[in-house]
Chemist: 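Structure incoming, see below.
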There are 2 protein chains.
Amino acid sequence: MPDPTPCQREAPPRRAVLSGLHRQPGYCLTCGVRAHSVCSAIDDQDIARLAEMAVETTVLPGRTFIEEGAPATDFFNVTAGNVKLFKALPDGRRQITGFAGTGHFLGLAVSDRYAFGAEAMDTVRLCRFSRVRMRQMMDDFPRLERRLLAEASNELVAAQSQMLLLGRKTARERVASFLLDRVGDAPCPGQDRSRGQGQGQSQGLNQGQDVPLPMTRADIADYLGLTIETVSRTLSWMRTERMIAIGKGHAVRVTAMDRLEILAGGEA
Amino acid sequence: MPDPTPCQREAPPRRAVLSGLHRQPGYCLTCGVRAHSVCSAIDDQDIARLAEMAVETTVLPGRTFIEEGAPATDFFNVTAGNVKLFKALPDGRRQITGFAGTGHFLGLAVSDRYAFGAEAMDTVRLCRFSRVRMRQMMDDFPRLERRLLAEASNELVAAQSQMLLLGRKTARERVASFLLDRVGDAPCPGQDRSRGQGQGQSQGLNQGQDVPLPMTRADIADYLGLTIETVSRTLSWMRTERMIAIGKGHAVRVTAMDRLEILAGGEA
DNA sequence: CGGCCAGTTGATACTAGTCAACGGACGTGG
DNA sequence: CCACGTCCGTTGACTAGTATCAACTGGCCG
């Protein structure tokens, strides 16, 4: 297993939510995240240009580093930690539109303002790129644009599934879908997305699949369009039905994948 | 006003849902839709290549021409008519993820299967491109890819708004948001998206803004995650509140934009 | 004319939201 | 050390917003 925290170089003295220093030219060459991210679209020989425009940024847990509606000046690439993306209504209701982990690219938008907010769920490390410079890179490297298009297409597909979930699924179906979407995610986020069905993650003599839930009930609720009470009740119900086992500290073990899959109602 | 049905050439003898003949090399040069679509990313001098790989296709109202889960062999560009895009559950519940009008590009996906279905709402004319050939075009013309990325980014933003709507808005808020999204759409779809604020929202002496609704109540319901009854009741309620006037044959006039906007709850 | 479909409206049911109480984990400070 | 407060999660009682079921209308077309 490679370096679990691939992005640690500089000292961490910063004040505002967003600050930081530019990377060294050779930075990206050794970045463990590159392989999983859009940066892989740039060859070794050109990657120094990318490195030099990347600003190292650290965001503390709970801090909002993209404000919905603020001028969209930067793109971001998550190099460590997890981020929640959301939209909100004036009265405070909010919808989490997605979770972004290591390797995820943020900030795609044609508009000059961010259409969503982003908040760090844990300590997050980011590469920050100005949009202007990023556009130059895209001009010079069409492969980068292709990679972004692929990323956007995947997100679009995910968004469509989420619309089906939010518009048409019941609370039980939503929670089941949510758990299944996360089966196979490594407990250590960002690594090992191989999703090998083989011996899977720690099945052993088969106790079921572990599902890491690095988010609170409130986050799950805001993601599924439910309340925390409903999420809690639904998980409790699944436990009494012996479909899952609820462990300490944000961990759930799926013990009846088959019934969960039926519940989730695979798409037609 | 230019040719309202810019894509009429060949005779219409066809049997299957999808068939058709390849375009003539000069076709795209005169296509009135080109300016509004991804095709504008290709210069006049190169557009013949695109024309030659485009297959003219007509789809009758109500026909599904993209089947969810089917092998994704083609991209489409809508040249006339309106399309609804949707995902469905095995038991028939369905969520319309979007409406696509003239100029809209369909089929973006990395997967080898369509993630959504598409059905003609009226008589639809399409340019159909094989994915393989389209990929060649993208290789040769990075501008095309850039244009597609912009298109995808916009759809992503729209999808996020829709998630907020589906997850967190009440029925009244959903219907209000839906109507407002369509204010300014020309009654004749595909033309005049200028959204000229010129004469204001035509208030003033003013009868209000016309909102064309070329879809049934069932479609609206499936788009908003509601039932047809709730949509009907909500529109009726808005009428009694004098926020809208309901005309014959799928037309609604917004008579109190301001109250509708408050209802829709502008995003934070 | 009769059948069908889209839409409206009413009565009732039910899912999930709201309000509230409680327990455990954790951190702080006496 | 323990008392205290806070945050997160669970559970219960009740409510409200939509869904469901059903009846009815008007338009369209064979």
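Chain identifiers are assigned alphabetically (A, B, ...) following the order of the sequence lines, protein sequences preceding nucleic acid strands; residue numbering begins at 1 within each chain.
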Chemist: At under 4.0 Å between heavy atoms, what does Ser236(B) touch on the DNA or RNA strands: base, sugar-phosphate, or nothing?
Modeler: sugar-phosphate
Chemist: Checking all strands, does Leu235(B) fall into the base, sugar-phosphate, or nothing category for heavy-atom contacts under 4.0 angstrom?
Modeler: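 The answer is nothing, as Leu235(B) stays clear of every strand by at least 4.0 Å.
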Chemist: Contact class for Ile228(B) vs. all strands (heavy atom < 4.0 Å): base, sugar-phosphate, or nothing?
Modeler: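 Answer is nothing: Ile228(B) stays at 4.0 Å or more from every strand.
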Chemist: Would you mind reading off the distance between Glu229(B) atom CD and dA13(C) atom P, rounded to a whole angstrom?
Modeler: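 Whole-Å distance recorded here is 16 Å.
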Chemist: Taking 4.0 Å as the cut-off, does a side-chain nitrogen or oxygen of His250(B) come that near to OP1 or OP2 on dG7(C)?
Modeler: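 Indeed, a polar side-chain atom of His250(B) lies that close.
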Chemist: To the nearest Å, how far apart are Trp237(B) CH2 and dT8(C) C1'?
Modeler: 17 Å
Chemist: In whole angstrom, give the distance that lies between atom NZ of Lys169(A) and atom P of dT18(D).
Modeler: 21 Å
Chemist: How many whole angstroms separate atom CG of Asp222(B) from atom P of dT18(D)?
Modeler: 17 Å
Chemist: Rounded to whole Å, please give me the gap between CG in Leu224(B) and P in dA19(D).
Modeler: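 In whole Å, dA19(D) P and Leu224(B) CG are 10 Å from each other.
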Chemist: Using OP1 and OP2 only, check whether a side-chain N or O of Ser232(A) sits under 4.0 Å from dT10(D).
Modeler: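 Yes, within the criterion.
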Chemist: Looking at every strand, decide which applies to Arg93(A) at a 4.0 Å heavy-atom threshold: base, sugar-phosphate, or nothing.
Modeler: nothing
Chemist: Is Thr227(A) close enough to dT18(C) that one of its side-chain N or O atoms is under 4.0 Å from OP1 or OP2 there?
Modeler: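 Negative; the distance criterion is not met.
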Chemist: State which of dA19(D), dA16(C), dT10(D) makes the closest approach to the side chain of Leu226(A).
Modeler: dA16(C)
Chemist: Would a 4.5 Å heavy-atom cut-off, applied to side chains only, mark Glu261(A) and Leu180(A) as touching?
Modeler: yes
Chemist: What is the distance from CD1 of Ile244(B) to C1' of dT8(C), rounded to the nearest Å?
Modeler: 13 Å
Chemist: May I ask you to verify if any side-chain N or O of Arg239(B) is less than 4.0 angstrom from the OP1 or OP2 atom of dT9(C)?
Modeler: yes
Chemist: Strictly by modelled atom types, are Arg125(B) and Thr58(B) linked by a side-chain donor-acceptor pair under 3.5 Å?
Modeler: yes
Chemist: Could you say whether Thr216(B) or Arg174(A) is positioned toward the 5' end of DNA chain C, judged by the nucleotide with the nearest heavy atom to each?
Modeler: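 Mapping each residue to its closest nucleotide by heavy atoms, the 5'-most match is Thr216(B).
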Chemist: Would one find a side-chain N or O of Arg233(B) under 4.0 angstrom from OP1 or OP2 of dT8(C)?
Modeler: no
Chemist: Whole-Å distance between dC8(D) C1' and Leu213(A) CG?
Modeler: 14 Å
Chemist: Looking only at the side chains, is there a donor atom on one of Lys87(B) and Thr97(B) sitting less than 3.5 Å from an acceptor on the other?
Modeler: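 Thr97(B) and Lys87(B) do not have a side-chain donor-acceptor pair below 3.5 Å.
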Chemist: For the pair Thr64(B) (side chain) and Glu119(B) (backbone), establish whether a donor and an acceptor sit closer than 3.5 Å, ignoring hydrogens and angles.
Modeler: no
Chemist: Round to the nearest Å and state the distance from Asp91(B) atom CG to dT20(D) atom P.
Modeler: 10 Å
Chemist: With nearest nucleotide decided by heavy atoms, which residue, Arg168(A) or Met215(A), maps closer to the 5′ end of DNA chain D?
Modeler: Met215(A)
Chemist: Taking the side chain as C-beta and beyond, is there a heavy-atom pair between Arg168(B) and Arg174(B) under 4.5 Å?
Modeler: no
